[in-house]
There are 2 protein chains.
Amino acid sequence: MDSLDKIEEKLHAKGFKLTPQRRATIAILLEHKESHLSAEEVYSLLQKKHPEVGLATVYRTLDVLTEIEIVNRINFEDGVARFDLKTDDGQHFHHHLVCNNCGRVIEIHEDMLFDVEQRIKHQYHFEITDHRLTFLGICQDCIRKSKTRGVS
Amino acid sequence: MDSLDKIEEKLHAKGFKLTPQRRATIAILLEHKESHLSAEEVYSLLQKKHPEVGLATVYRTLDVLTEIEIVNRINFEDGVARFDLKTDDGQHFHHHLVCNNCGRVIEIHEDMLFDVEQRIKHQYHFEITDHRLTFLGICQDCIRKSKTRGVS
DNA sequence: ATTGTTGCAAAGATTTTGCAATCTA
DNA sequence: TAGATTGCAAAATCTTTGCAACAAT
């Protein structure tokens, strides 16, 4: 799900209207593909070019985009919903490494769960539609820093 | 981390005081090991026997228990923090299957991520301390029902 | 013209915090 | 007794909703 055009097409196909607010919101998401933006963050990025758009509209747009499976909603352990554009390749959701020290989120685009999913399907008779995999730990930079200065 | 005694010992060892409120909160968690209770749910279970305990104290107690690694905090995609006692065996956090249809949460106690963690460590030089793995999909019961009545 | 969508402000839901009183060690 | 902890109410956050005005098809 890559270009603005394709996304607008899908919105339209599902019976939603194309409004300037929605276009602008999608544009922000496209410009920040790796960022896991929260609704508030999308809103403040949006304000620079479109100060008239309201926060409620951002929430509603993100809901619509989640509903039609243009974006994934994800919660890291901080209680704030974040939104990621889905990739075009039909893959399941990518994985994340979250650093407990600096808070950085690293994305992993390989699907490492194929074998695990097969086991789940067979053992639990559970039909998997998506997954959320996050590793918590210490990133390379913080490990390096801790060796000289100690983890803050 | 299994018995009330062991948990109280650890609290004490970390310099926290043992109060009746904390004891009671821990007892609730021990009585509902598989439940992924929210703070609100812990609070209302607590009220039956200890109506004097306040919700803020429940939040504070769960924070302390998370801090000293007696419980794991987890967010499924509904934005409410849930709390699980850690198991005694030193294993990482268990996995979950969340049914998109009926909302049921099924626990999986096997660690299926050993190989994946090895790859992450080597490829990303990321020191993993824990993980969160949730599969979203349709559970066995809902699959069965959908075959006769259609998924509601 | 119809129906969906927006902005605003108000309401909801969850979680955190200030503070005086109280309790644990 | 000293310092941590509690309960309460207020505040802070994040998110949703009602409604009248407005815009897309």
Side-chain angles (χ1 to χ4, degrees), chain A residues 4-5 7-28 36-47 49-68 70-83, chain B residues 4-5 7-28 36-47 49-68 70-83:
Chain A
L4 189 53
D5 283 350
I7 295 173
E8 293 187 349
E9 206 174 280
K10 188 161 183 181
L11 256 182
H12 208 181
K14 298 263 181 178
F16 293 100
K17 290 181 177 172
L18 286 176
T19 64
Q21 292 90 335
R22 285 178 180 166
R23 275 181 230 266
T25 303
I26 295 164
I28 294 290
H36 317 95
L37 300 174
S38 66
E40 196 73 50
E41 288 164 347
V42 171
Y43 173 66
S44 71
L45 288 166
L46 208 43
Q47 293 224 305
K49 291 202 171 185
H50 302 269
E52 73 285 359
V53 179
L55 179 57
T57 299
V58 172
Y59 273 102
R60 284 184 285 223
T61 300
L62 292 169
D63 281 350
V64 168
L65 294 175
T66 302
E67 188 186 328
I68 65 174
I70 296 280
V71 306
N72 271 123
R73 180 192 303 259
I74 186 172
N75 265 284
F76 298 123
E77 304 307 298
D78 66 354
V80 184
R82 298 179 175 280
F83 300 85
Chain B
L4 187 54
D5 283 350
I7 295 173
E8 293 187 349
E9 207 174 280
K10 187 160 184 181
L11 256 183
H12 208 182
K14 298 265 182 179
F16 293 101
K17 291 182 175 172
L18 286 174
T19 64
Q21 293 89 337
R22 285 178 179 166
R23 273 182 232 267
T25 303
I26 296 164
I28 294 290
H36 316 96
L37 300 173
S38 66
E40 194 73 52
E41 287 164 347
V42 171
Y43 174 66
S44 73
L45 288 166
L46 208 42
Q47 294 224 304
K49 291 201 171 185
H50 303 270
E52 72 287 358
V53 179
L55 178 58
T57 298
V58 172
Y59 273 101
R60 285 186 282 224
T61 298
L62 292 170
D63 281 350
V64 167
L65 295 175
T66 302
E67 187 186 329
I68 66 174
I70 297 281
V71 306
N72 270 123
R73 180 193 303 261
I74 188 172
N75 264 283
F76 297 123
E77 303 307 296
D78 65 355
V80 184
R82 299 181 174 277
F83 300 85

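Naming convention: chains lettered A, B, ... in sequence-line order (proteins, then strands); numbering from 1 in each chain. If you're wondering where the values come from, they're calculated on a predicted model, not measured in any experiment. Below, each value reflects all heavy atoms present in this structure, side chains not excepted, and no hydrogens, waters or symmetry copies.
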**Message:** Is it the case that the side chain of A:Lys10 and the backbone of A:Ile70 share a donor-acceptor pair, with hydrogens and angles ignored and the cut-off at 3.5 Å?
**Reply:** no
**Item:** Interatomic distance, B:Leu55 CG vs C:dT17 P [rounded to whole Å]
**Value:** 14 Å
**Asked** Which residues satisfy the side chain to side chain contact (heavy atoms under 4.5 Å, CB included) test with B:Glu8, sequence neighbours excluded?
**Response** B:Leu4, B:Leu18, B:Arg23
**Item:** Residues forming a side chain to side chain contact (heavy atoms under 4.5 Å, CB included) with A:Ala56, sequence neighbours excluded
**Value:** A:Arg60
**Asked** For the helix from C:dA1-D:dT25 to C:dA25-D:dT1, what angle lies between the axis at the first five pairs and the axis at the last five pairs, to 10 degrees?
**Response** 40°
**Asked** Taking only residues two or more places apart in sequence, or in another chain, which ones meet A:Phe76 in a ring-ring contact (aromatic ring centres under 6.0 Å, His included)?
**Response** A:His36, A:His96
**Prompt:** Under 4.0 angstrom, heavy atoms only, what part of the nucleic acid is A:Glu52 near: base, sugar-phosphate, or nothing?
**Reply:** sugar-phosphate
**Item:** Atom-to-atom span, OH of A:Tyr59 to P of C:dG12 - whole angstrom
**Value:** 18 Å
**Fill in**
Contact span of DNA chain D against chain A, any nucleotide atom under 4.0 Å from a heavy atom, 5' to 3', runs D:dC14 to D:dT25
**Message:** Go nucleotide by nucleotide along DNA chain C from the 5' end; which of B:Ala39 and A:Pro51 gets its closest nucleotide reached first?
**Reply:** A:Pro51
**Message:** My understanding is that only residues two or more places apart in sequence, or in another chain, count here; which of them pass salt bridge (charged side-chain N to carboxylate O under 4.0 Å, His left out) with B:Arg82?
**Reply:** B:Glu41, B:Asp78
**Item:** Position toward the 5' end of DNA chain D (nearest nucleotide), B:Thr57 or A:Ala81
**Value:** B:Thr57
**Complete:** A:His50 NE2 to C:dT5 C1', in whole Å, measures 17 Å
**salt bridge (charged side-chain N to carboxylate O under 4.0 Å, His left out) involving A:Glu77 - partner list, sequence neighbours excluded** = B:Arg132
**Prompt:** Please give, in whole Å, the distance from C:dG4 C1' to A:Ile68 CD1?
**Reply:** 14 Å
**Request:** Produce a footprint string for nucleotides 20-25 of chain C: one letter per nucleotide, 5' end first; B if the base is under 4.0 Å from any protein heavy atom, S if only the sugar-phosphate is, - if neither.
**Result:** ----BS
**Request:** Rounded to the nearest angstrom, tell me the gap between atom CD in B:Glu41 and atom P in C:dA13.
**Result:** 15 Å
**Partner set under side chain to side chain donor-acceptor pair (under 3.5 Å) for A:Gln47, not counting sequence neighbours** = A:Tyr43
**Message:** Once rounded to the nearest 0.5 Å, what's the spacing between atom CG of B:Leu55 and atom CG of B:Leu46?
**Reply:** 10.0 Å
**Fill in**
Residues passing the side chain to side chain contact (heavy atoms under 4.5 Å, CB included) test with B:Thr66, sequence neighbours excluded, are B:Val71, B:Arg73, B:Phe83
**Fill in**
With sequence neighbours left out, the residues meeting side chain to side chain donor-acceptor pair (under 3.5 Å) with A:Asn75 are none
**Item:** Pairing residues for B:Glu52 by the salt bridge (charged side-chain N to carboxylate O under 4.0 Å, His left out) criterion, not counting sequence neighbours
**Value:** none
**Prompt:** Reckon B:Arg60 has a side-chain N or O less than 4.0 Å from the OP1 or OP2 of C:dT16?
**Reply:** no
